[in-house]
Asker: 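Below is a structure I'd like to ask you about.
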Number of protein chains: 2
Amino acid sequence: MEDKIFREFLEKKGLKFTKERAAVLKEVFSNHNHFDPDDLYVKMKGQGMKVSKASVYRTLPLLLECGLVEQVERFDKHAHYEHTFGHGHHDHLICIKCGKVIPLFSEKLEKLQESLCKQEKFRCLTHILEIKGYCSKCEEKGQGGKQKRPGV
Amino acid sequence: MEDKIFREFLEKKGLKFTKERAAVLKEVFSNHNHFDPDDLYVKMKGQGMKVSKASVYRTLPLLLECGLVEQVERFDKHAHYEHTFGHGHHDHLICIKCGKVIPLFSEKLEKLQESLCKQEKFRCLTHILEIKGYCSKCEEKGQGGKQKRPGV
DNA sequence: TTGTAATTGAGAATCAATCTCAATAGAGGA
DNA sequence: TCCTCTATTGAGATTGATTCTCAATTACAA
Ligand SMILES: [Mn+2]
Ligand SMILES: [Mn+2]
Ligand SMILES: [Zn+2]
Ligand SMILES: [Zn+2]
C-alpha cells in the first residue's frame, strides 16, 4: 500500500522507484517506532541490506514530502521521524525525565487549530505539537534524580 | 526586571551574574524579534560588546531554564529563540513560502491542551506548537515559485 | 591577602547532514 | 543488441552549528 503511494509519488516527480528507496521504505514501515536516520541506517546494515547513509538521508525527505512519514520531537540535536500511513496524525507528550513519548490525538484540538488558522487567513498544511513535562510514573516518583533529557 | 529574575535564578544555582551574561541578557531583550545564537553573537560584536560565541551558547540555556526565553521554530538546522518575559507565551504560524512567522495565542487552545494532559495524568510544563502552511499573502499570490524554506 | 571555585575566550573537536563526483543502472530508441 | 541519456548510487570530503578543552582570569569570602 505505502509502496503504491511512494511509487506514484516518485513517478509524478520523474524519479525512480529504486531498490535502495524501496528498502528504506520497507524498513520505515517495518514497525511503528519513532526513529532517526542513523538508527535506520544501522539497522538496515545489520540486516545485510544494501544502502548508504546518503541514500537514507536522501530518501527520508521524499517520504516526508509525500506524507508517508512525519517529523517528531526535534528537541534532540538530530531529526526524528515516524511513519504515519496507516496511523493517523497525532501529537506527542514527552517526559523530560524518562524520555517516554506518549501519542495524543484529539479531534477537538485539531478542529480548534483549524479554526484559529482560518481566523488568521492562514492555510494550514501541517503542524507539530510537542508537550513537555512529567509522565504519571515520573511524577509520582518525584522529580529528583538526573533528567535523561536535560535542556528541555 | 528581567535582570532581577536572571540574577536571582543564577544566585539560587550558585552562579554569578557576570558582565558577559548581563550583556547577552540585555541583547536578548533589546527587541522583540526571534533570533538565533549566531545572529546574537554577530550583533553584539558589531556593537563592540565583549563576548565570545561560547558565552552566548552557554548563556542561552540558562535563560531558557529560568523561563526568560523560549525556543521556537526548529525546522531550520539551528536553534531559534525569542524572549518571552513581558509577552505571554504564544504559538506560531509559519509560512513555508515566505518564511513569515505569525504569533498566535488562544486561551481556549491552551486550556484544551491542559485538560488533555490531565486526562493522561501528564504534568505539562511547556509546549511548542508550530503550524506550517501559507500566509494569506502567499496564498493569494498562488503557490508557484520556489519555497524559501524547502523541506517543510 | 589568599584560597577556592566559577568563568571566560580561543580554538579544537563533534557529529548530523549535505555535497561531490566518478561509477552504475535503466529506459527508450536505433 | 548496442547506444545514449539521465537519474542514482556510495564513499568520502565538507559544512556548520554546537559543545568541549584548557589555560588564564575573575569574584568572593575567609
Ligand atoms: Mn508518534
Ligand atoms: Mn514569537
Ligand atoms: Zn517519565
Ligand atoms: Zn507567506
Side-chain angles (χ1 to χ4, degrees), chain A residues 6-27 34-46 48-65 69 71-81 147 149-152, chain B residues 6-27 34-46 48-65 69 71-81 147 149-152:
Chain A
F6 194 31
R7 179 177 266 124
E8 288 174 359
F9 166 80
L10 290 172
E11 195 167 357
K12 205 178 304 171
K13 299 202 80 171
L15 304 176
K16 292 167 188 168
F17 188 70
T18 61
K19 39 183 169 321
E20 288 82 3
R21 285 173 180 158
V24 171
L25 179 68
K26 187 175 168 207
E27 190 58 37
H34 293 189
F35 63 90
D36 63 55
D38 197 62
D39 286 346
L40 198 71
Y41 170 71
V42 169
K43 207 152 145 252
M44 292 177 78
K45 276 297 181 189
M49 299 170 101
K50 175 185 166 287
V51 259
S52 65
K53 219 169 244 198
S55 286
V56 171
Y57 276 101
R58 282 167 183 147
T59 304
L60 287 172
L62 295 172
L63 294 175
L64 204 56
E65 196 181 342
V69 308
Q71 252 180 306
V72 289
E73 39 148 352
R74 282 199 66 181
F75 60 167
D76 223 336
K77 235 170 321 288
H78 53 278
H80 290 240
Y81 300 86
Q147 283 184 201
R149 311 233 189 191
V152 177
Chain B
F6 194 32
R7 179 177 265 123
E8 288 174 359
F9 166 80
L10 291 172
E11 195 167 355
K12 203 177 307 173
K13 299 201 78 169
L15 303 177
K16 291 165 189 171
F17 187 70
T18 61
K19 39 183 169 324
E20 288 82 3
R21 286 174 179 156
V24 170
L25 179 69
K26 187 174 169 208
E27 190 57 36
H34 292 190
F35 63 90
D36 64 54
D38 197 61
D39 288 346
L40 198 72
Y41 170 71
V42 169
K43 207 152 146 254
M44 292 177 78
K45 276 295 180 189
M49 297 170 101
K50 174 184 166 292
V51 259
S52 66
K53 218 170 245 200
S55 285
V56 170
Y57 275 101
R58 284 169 182 145
T59 304
L60 286 172
L62 295 172
L63 293 175
L64 204 56
E65 196 180 341
V69 308
Q71 249 180 309
V72 289
E73 39 150 352
R74 283 199 64 182
F75 61 168
D76 223 337
K77 237 168 320 284
H78 53 276
H80 290 240
Y81 300 85
Q147 283 184 202
R149 311 234 189 191
V152 176

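To find a chain, count down the sequence lines: A is the first, B the second, and so on, and within it residues start at 1. It should be emphasised that the depicted structure is a prediction, and the values quoted were computed from it without experimental measurement.
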Asker: Give every pair of a protein N or O atom and an N or O atom of nucleotides 21-24 of chain D that lie under 3.5 Å apart, one pair per line with the distance.
Answerer:
| residue | atom | partner | partner atom | Å |
| --- | --- | --- | --- | --- |
| dT21(D) | O4 | Arg58(B) | NH2 | 3.1 |

Asker: Taking only the side-chain nitrogens and oxygens of Ser52(B), find out if one of them lies under 4.0 Å from OP1 or OP2 of dA10(C).
Answerer: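 For Ser52(B), the contact criterion (side-chain N or O under 4.0 Å from OP1 or OP2 of dA10(C)) is not met.
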
Asker: Of all of residues 10-18 of chain A, which get a heavy atom below 4.0 angstrom from DNA chain C, listed by number?
Answerer: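 When residues 10-18 of chain A is checked for heavy atoms under 4.0 Å from DNA chain C, there are no hits whatsoever.
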
Asker: Anything under 3.5 Å between a donor and an acceptor, one on a side chain of residues 16-26 of chain A, the other on a protein residue two or more places apart or in another chain? List them.
Answerer:
| residue | atom | partner | partner atom | Å |
| --- | --- | --- | --- | --- |
| Thr18(A) | OG1 | Arg21(A) | N | 3.2 |
| Glu20(A) | OE2 | Lys50(A) | NZ | 2.6 |
| Arg21(A) | NH1 | Lys16(A) | O | 2.8 |

Asker: Which residues pass the ring-ring contact (aromatic ring centres under 6.0 Å, His included) test with Phe35(A), sequence neighbours left out?
Answerer: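 Per chain and number, Phe35(A) pairs via ring-ring contact (aromatic ring centres under 6.0 Å, His included) with Tyr81(A).
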
Asker: Below 4.0 angstrom from OP1 or OP2 of dT18(D), is there any side-chain N or O of Lys77(B)?
Answerer: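 Lys77(B) to dT18(D) OP1/OP2: no side-chain N or O under 4.0 Å.
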
Asker: Under a 4.0 Å heavy-atom cut-off, which of residues 35-46 of chain B touch DNA chain C?
Answerer: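 Nucleic-acid contacts, sorted: none.
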
Asker: Specify the separation, in whole Å, of atom CD of Gln71(A) and atom P of dA16(C).
Answerer: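 The answer, rounded to whole Å, is 15 Å.
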
Asker: Quick one: CG on Leu63(B) to CZ on Phe9(B), what's the gap to the nearest 0.5 Å?
Answerer: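 So the gap between those two atoms works out to 8.5 Å.
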
Asker: Starting at CZ of Arg21(A) and ending at P of dG10(D), how long is that distance when rounded to a whole Å?
Answerer: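 Interatomic distance, CZ of Arg21(A) to P of dG10(D): 11 Å.
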
Asker: State which residues pass ring-ring contact (aromatic ring centres under 6.0 Å, His included) with Tyr57(B); sequence neighbours excluded, sorted by chain then number.
Answerer: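 ring-ring contact (aromatic ring centres under 6.0 Å, His included) list for Tyr57(B), sorted by chain: empty.
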
Asker: Nearest whole Å is fine: how far is dA17(D) P from Lys53(B) NZ?
Answerer: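 Value for this atom pair: 7 Å.
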
Asker: Can you name the residues that form a side-chain hydrogen bond (donor to acceptor under 3.5 Å, both in side chains) with Glu8(A), not counting sequence neighbours?
Answerer: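 By the side-chain hydrogen bond (donor to acceptor under 3.5 Å, both in side chains) rule, Glu8(A) matches Lys4(A).
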
Asker: Atom CZ of Arg7(B) and atom C1' of dC28(D): how far apart are they, to the nearest Å?
Answerer: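 About 15 Å, once rounded to whole Å.
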
Asker: Closest nucleotide of DNA chain D for Pro61(B) versus for Lys19(B): which of these residues is on the 5' side?
Answerer: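 Of the two residues, Pro61(B) wins.
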
Asker: Quick one: side-chain hydrogen bond (donor to acceptor under 3.5 Å, both in side chains) partners of Glu65(B), sequence neighbours excluded?
Answerer: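 Result, side-chain hydrogen bond (donor to acceptor under 3.5 Å, both in side chains) vs Glu65(B): Lys13(B).
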
Asker: Return a table of donor-acceptor pairs under 3.5 angstrom between the side chains of residues 37-46 of chain B and protein atoms on other chains or two or more places apart.
Answerer:
| residue | atom | partner | partner atom | Å |
| --- | --- | --- | --- | --- |
| Asp38(B) | OD1 | Lys53(B) | NZ | 3.0 |
| Asp39(B) | OD2 | Asp36(B) | N | 3.4 |
| Lys43(B) | NZ | Glu27(B) | OE2 | 2.7 |
| Lys45(B) | NZ | Val51(B) | O | 3.1 |

Asker: Quick one: is dT18(C) close enough that its OP1 or OP2 comes under 4.0 Å of any side-chain N or O from Tyr57(A)?
Answerer: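 Indeed not, no polar side-chain atom of Tyr57(A) lies that close.
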
Asker: Please state how far atom NE2 in His80(A) lies from atom P in dA16(C), giving the value in whole angstrom units.
Answerer: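 Interatomic distance, NE2 of His80(A) to P of dA16(C): 10 Å.
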
